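Structure, as structure tokens:
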There are 2 protein chains.
Amino acid sequence: MTDRRANRLEQALRDAGVRVTRQRSALLRVIAAAEDHPDAAELHARAVTAGAGVSLATVYRTLTTLQAQGVIDKLEFQGEPARWEAADQHHHDHMIDMDSGAVIEFTDERIERLQAEIAAEMGYDIVHHRLELYVRRR
Amino acid sequence: MTDRRANRLEQALRDAGVRVTRQRSALLRVIAAAEDHPDAAELHARAVTAGAGVSLATVYRTLTTLQAQGVIDKLEFQGEPARWEAADQHHHDHMIDMDSGAVIEFTDERIERLQAEIAAEMGYDIVHHRLELYVRRR
DNA sequence: GTGTTTGCAAAATCTTTGCATGACG
DNA sequence: CGTCATGCAAAGATTTTGCAAACAC
């Protein structure tokens, strides 16, 4: 089922003239199956566990490629290695529970609208944004 | 005038039992005088230019110390080395002009309020947050 | 075929740290 | 003076890259 999604992504890559190698295919599958936000080392470990022979260098190169294709998003939380998530979901921001480390996704249309408004007032268009709430259970 | 602010900060450090060394004093002055958002290497360069003998390792250690004292804030924009700013200003967020690299500060009470509201609804208190708008002139 | 991608190991970048020496309070 | 801070150089952590071999299309 996540494989169906991975297959769709592979086709998109081929259509964009990007070669679908064994390694890229494996990584697409790992990313499509991930329900969390893994970093490069974790994705590498999962790919290897899944039986894919792939080097860490290739993982990094592939992540860059997939990001350029708009297939995945890069998350850079404070001081951690970068994490990644599939991009084919609806837009959302992140809330990080500082005690458990859990990452919670959320969206708020009002905030989105305000951001665009503020940028526009100053003569800018938003290319992308980053909103992270570092929180603690009350 | 920024020296007055630096002196005030030095006193606060002493009161907190933190030694005010020649190096820390110099860095406080450089930070108080900065109108931009320099990284560690840049702060080091400015301190050295100002005639202070200080090593890069000490700059890093000092930044950590000053942050722990709540005197400076750490900014981590996408993929760049960390930047720093004096903390004794009113809270604000950052807009990054992707073409010029300029960092623009802004605040919006409505966004602040919404963030707190969203966190509260999910049973959390915000410890701190990060809002960055990556923008382009329209 | 042939231009891309991979693996490996080496390098780049930013940041932290161990240890002997020096200096603040 | 005792303790804490510094400098240096070496190590850490993450990410990038040069080059020859392997592979997708």
Side-chain angles (χ1 to χ4, degrees), chain A residues 6-7 9-30 37-48 50-69 71-84, chain B residues 6-7 9-30 37-48 50-69 71-84:
Chain A
N7 288 335
L9 292 177
E10 285 187 14
Q11 196 50 55
L13 291 186
R14 254 183 290 260
D15 292 349
V18 176
R19 289 188 184 176
V20 177
T21 61
R22 180 175 50 75
Q23 292 87 336
R24 288 180 179 169
S25 176
L27 281 169
L28 274 178
R29 255 153 258 278
V30 169
H37 305 82
D39 60 21
E42 178 62 25
L43 289 168
H44 179 239
R46 292 184 195 178
V48 169
V54 58
S55 72
L56 185 54
T58 293
V59 171
Y60 275 105
R61 279 190 277 229
T62 300
L63 291 172
T64 303
T65 300
L66 295 181
Q67 183 184 30
Q69 296 300 320
V71 165
I72 59 177
D73 287 329
K74 186 179 195 176
L75 309 177
E76 295 175 277
F77 300 145
Q78 48 171 29
E80 307 178 6
R83 298 160 172 244
W84 303 84
Chain B
N7 288 332
L9 292 177
E10 285 187 12
Q11 196 50 54
L13 290 186
R14 255 183 289 262
D15 293 349
V18 177
R19 291 189 184 175
V20 177
T21 62
R22 179 175 52 75
Q23 292 88 336
R24 287 178 180 172
S25 177
L27 281 169
L28 275 177
R29 255 154 258 276
V30 170
H37 305 82
D39 61 19
E42 178 63 25
L43 289 169
H44 179 240
R46 292 184 195 180
V48 169
V54 58
S55 71
L56 185 54
T58 293
V59 171
Y60 275 105
R61 279 190 278 230
T62 301
L63 291 172
T64 304
T65 301
L66 295 181
Q67 183 183 30
Q69 296 301 319
V71 165
I72 59 176
D73 287 329
K74 187 180 194 176
L75 308 177
E76 296 175 277
F77 300 145
Q78 49 171 29
E80 304 178 9
R83 297 160 174 243
W84 302 85

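Computed from a predicted structure; not experimentally measured.
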By nearest nucleotide on DNA chain C, pick out whichever of B/Thr64 and B/Val20 is the more 5' one.
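Counting from the 5' end, the first nearest nucleotide belongs to B/Thr64.
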Please tell me which of B/Ala40 and B/Val18 maps to the more 5' nucleotide of DNA chain C, matching each residue to the nucleotide holding its nearest heavy atom.
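Going by which nucleotide is closer to the 5' end, it is B/Ala40.
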Is there a side-chain polar atom (N or O) of [X] under 4.0 Å from OP1 or OP2 of [N]?
X	N	result
A/Tyr60	D/dT16	no
B/Thr21	D/dT6	yes
A/Gln23	D/dC23	no
A/Arg24	C/dT5	yes

Counting the atoms with a prime plus P, OP1 and OP2 as sugar-phosphate, which does B/Ala41 contact under 4.0 Å by heavy atoms, base, sugar-phosphate, or nothing?
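Result for B/Ala41 = nothing.
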Nearest-nucleotide pick for B/Pro81, side chain only, options being C/dG25, C/dC14, C/dG7
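In terms of side-chain proximity for B/Pro81, the closest of C/dG25, C/dC14, C/dG7 is C/dC14.
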Rounded off to whole Å, could you give me the [atom1]-to-[atom2] distance for the [X] and [N] pair?
X	N	atom1	atom2	result
B/Arg61	C/dC14	CZ	C1'	15 Å
B/His44	D/dC8	NE2	C1'	12 Å
B/Glu80	C/dA12	CD	P	21 Å
B/Arg22	C/dG22	CZ	P	13 Å
B/Gln67	C/dT15	CD	C1'	13 Å
B/Glu42	C/dC14	CD	P	13 Å
A/Glu76	D/dT14	CD	P	13 Å
B/Phe77	C/dC14	CZ	P	16 Å

Given B/Arg83, which partner from the list B/Glu76, B/His37, B/Lys74, B/Glu42 fulfils the side chain to side chain contact (heavy atoms under 4.5 Å, CB included) test?
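With B/Arg83 as partner, side chain to side chain contact (heavy atoms under 4.5 Å, CB included) holds for just one option, B/His37.
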Side chains of B/Thr65 and B/Thr62: any donor to acceptor distance under 3.5 Å?
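Checked: B/Thr62/B/Thr65 side chains show no N/O donor-acceptor pair below 3.5 Å.
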Check the side chains of B/Asn7 and B/Gln11 for a donor-acceptor pair under 3.5 angstrom, ignoring hydrogens and angles.
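Their side chains do not contain a donor-acceptor pair, so the 3.5 Å distance test is not met.
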Is there side-chain contact between B/Leu75 and B/Trp84, with heavy atoms separated by less than 4.5 Å?
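No; the side chains remain at least 4.5 Å from each other.
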Of B/Arg19 and B/Ser55, whose closest DNA chain D nucleotide lies nearer the 5' terminus?
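The residue whose closest nucleotide sits nearer the 5' end is B/Arg19.
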Working note: B/Glu10 + B/Arg19, criterion salt bridge (charged side-chain N to carboxylate O under 4.0 Å, His left out); need CA distance, chi angles, decisive distance, verdict.
CA-CA 9 Å; B/Glu10 285 187 12; B/Arg19 291 189 184 175; over 6 Å; no
